[in-house]
Amino acid sequence: MKDMERNEQLKNTVRDVHLPRYQEIPTVGLYLEQVTRYVNGYLAELSCPTLTPSMVSNYVKQKTIPGPVKKAYGPASIANLMYVALVKNVLSMEDIRLLERQGLEQYKPEQAYDYFCDEFENVLAGVFGLKDEMEPVGSHNTTIKSILRAAILAAVQKIYLDRYLDLVRPERKE
């Protein structure tokens with residue numbers, strides 16, 4: 001396979017990726033199995049490891065995500081799960097919680113999560129070559145935004161590397 005063909009295949013794997021913004025997350029409250037199906041639906045587009053109910057329960061115990069109310073997980077929990085699921089391959093759980101706390105010191109949860117989604121999609125498009133360069137996201141440059149971009153960049157680079165290796169593995173060749 002030629003490099004140009006491979007690059008187009010890589011681009012096509014992420015061309016339609018869209019993370020749900022805070023207002024798009026169901027507000028009715030989802031039970032544990034529903035939450036994992038919802039989040040995994042988005043993770044599958046990125047070939048991320050599957051989120052299991054026991055992982056979600058552990059994140060609640062570790063206070064990484066807000067726990068359920070009457071066994072139902074709300075938008076804040078689901079938004080946190082999306083963030084955790086996308087950066088856990090490059091950050092420890094302790095560091096994930098630390099970055100989240102720092103972000104929430106400066107921004108409302110909805111604003112912080114939507115910024116994360118915008119930046120994730122921006123970095124994804126830049127790394128995979130859908131655009132020539134990554135654009136500045138948001139109107140303020142803060143240290144926490146720079147650190148979050150670094151975490152997202154690391155996570156997206158891992159996704160890119162995994163996708164590339166999937167294309168060139170010997171068993172995939174015809």
Side-chain angles (χ1 to χ4, degrees), residues 13-14 16-124 127-128 137-138 142-166:
T13 65
V14 298
D16 297 324
V17 169
H18 168 76
L19 299 178
R21 298 315 188 260
Y22 201 88
Q23 295 301 319
E24 297 173 69
I25 295 173
T27 57
V28 294
L30 301 177
Y31 293 111
L32 186 56
E33 292 290 332
Q34 294 171 313
V35 167
T36 56
R37 275 196 308 275
Y38 181 82
V39 173
N40 285 333
Y42 289 97
L43 298 180
E45 291 183 81
L46 298 164
S47 302
C48 291
T50 303
L51 188 68
T52 66
S54 64
M55 292 165 76
V56 174
S57 296
N58 284 334
Y59 298 154
V60 171
K61 286 177 192 170
Q62 298 170 0
K63 301 197 184 308
T64 304
I65 68 163
V69 175
K70 296 182 182 177
K71 297 187 180 185
Y73 292 82
S77 297
I78 295 168
N80 281 25
L81 275 173
M82 294 293 280
Y83 162 69
V84 170
L86 290 168
V87 298
K88 71 179 181 174
N89 287 332
V90 296
L91 292 174
S92 69
M93 294 310 286
E94 182 180 331
D95 290 342
I96 289 171
R97 285 189 296 275
L98 177 61
L99 284 180
E100 183 179 11
R101 276 194 310 272
Q102 287 191 326
L104 293 175
E105 286 174 5
Q106 297 180 30
Y107 304 99
K108 294 178 185 174
E110 300 87 356
Q111 183 184 19
Y113 173 73
D114 285 349
Y115 171 78
F116 169 77
C117 292
D118 291 344
E119 187 68 282
F120 188 89
E121 290 172 7
N122 176 48
V123 170
L124 192 71
V127 167
F128 277 77
V137 174
T142 63
T143 302
I144 192 64
K145 280 187 172 181
S146 297
I147 296 301
L148 183 60
R149 179 177 265 202
I152 292 170
L153 187 56
V156 169
Q157 290 286 4
K158 172 81 169 100
I159 292 167
Y160 181 85
L161 181 59
D162 290 344
R163 289 279 171 95
Y164 177 84
L165 292 172
D166 285 345

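Residue numbers start at 1 and run along the sequence shown.
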Legend entry - Distance, nearest 0.5 Å, that separates OG1 of Thr64 from CD of Glu94: 10.5 Å
Inset, instruction - Measure the CG-CD distance between Leu124 and Glu45 for me, rounded to the nearest 0.5 Å. - result: 10.0 Å
Inset, instruction - Quick one: sort the Tyr164 and Tyr160 rings into parallel, tilted or perpendicular, breaks at 30° and 60°. - result: parallel
Inset, instruction - Determine yes or no for a side-chain-to-main-chain donor-acceptor pair under 3.5 angstrom, with Glu24 supplying the side chain and Arg21 the backbone. - result: yes
Inset, instruction - Evaluate the side chain to side chain contact (heavy atoms under 4.5 Å, CB included) criterion for residues Leu99 and Leu91: first the C-alpha distance (whole Å), next the side-chain angles of each, then the deciding distance (0.1 Å), finally the verdict. - result: CA-CA 10 Å; Leu99 284 180; Leu91 292 174; 3.7 Å; yes
Legend entry - Separation of Leu153 CG from Ser146 OG (nearest 0.5 Å): 12.0 Å
Report, one line per pair, each donor and acceptor closer than 3.5 Å where one atom sits in a side chain of residues 69-87; sequence neighbours left out.
unit_1	atom_1	unit_2	atom_2	d
Ser77	OG	Pro66	O	2.7
Asn80	ND2	Glu100	OE2	2.5
Tyr83	OH	Ile96	O	3.4

Legend entry - Asn58 vs Lys61 side-chain heavy atoms within contact, under 4.5 Å: yes
Legend entry - ring-ring contact (aromatic ring centres under 6.0 Å, His included) partners of residues 33-70, not counting sequence neighbours, each pair once: Tyr38-Tyr42
Legend entry - For the student: nearest non-hydrogen atoms of Cys117 and Leu19, plus distance: SG-CB, 3.8 Å
Legend entry - Validation row: Ile152, Val156 side chains within 4.5 angstrom (heavy atoms): yes
Legend entry - Validation row: Val14, Arg163 side chains within 4.5 angstrom (heavy atoms): yes
Inset, instruction - Taking the side chain as every heavy atom from C-beta outward, state whether Met55 and Lys88 have any atom pair closer than 4.5 Å. - result: yes
Inset, instruction - Give the C-alpha distance, both sets of side-chain angles, the deciding distance and a yes or no for side chain to side chain contact (heavy atoms under 4.5 Å, CB included) between Val137 and Lys145. - result: CA-CA 9 Å; Val137 174; Lys145 280 187 172 181; over 6 Å; no
Legend entry - Beyond-backbone contact of Tyr22 with Gln111, side-chain heavy atoms, under 4.5 angstrom: no
Legend entry - Least distance between heavy atoms, Leu104 atom then Pro109 atom: CD2-CA, 3.6 Å
Legend entry - Heavy-atom check, side chain of Asn89 versus side chain of Ile159, under 4.5 Å: no
Inset, instruction - Walk me through it: do Asn122 and Glu119 pass the test side chain to side chain donor-acceptor pair (under 3.5 Å)? - result: CA-CA 5 Å; Asn122 176 48; Glu119 187 68 282; 2.9 Å; yes
Inset, instruction - Might you work through the ring-ring contact (aromatic ring centres under 6.0 Å, His included) test for Tyr115 and Tyr107, ending with a clear yes or no? - result: CA-CA 10 Å; Tyr115 171 78; Tyr107 304 99; 7.1 Å; no
Legend entry - Sub-4.5 Å side-chain heavy-atom contact between Gln102 and Arg97: no
Legend entry - Pairwise distance CG(Asp166) to OG(Ser47) - rounded to 0.5 angstrom: 6.5 Å
Legend entry - Non-hydrogen side-chain atoms of Leu32 and Ser57 separated by less than 4.5 Å: yes
Legend entry - Backbone N/O of Thr50 and side chain of Asn40: donor-acceptor pair under 3.5 Å: no
Inset, instruction - Mind checking the CD-CZ spacing from Gln157 to Phe128? Nearest 0.5 Å is all I need. - result: 9.0 Å
Inset, instruction - Any chance you could measure Leu161, atom CG, to Leu165, atom CG, to the nearest 0.5 Å? - result: 4.5 Å
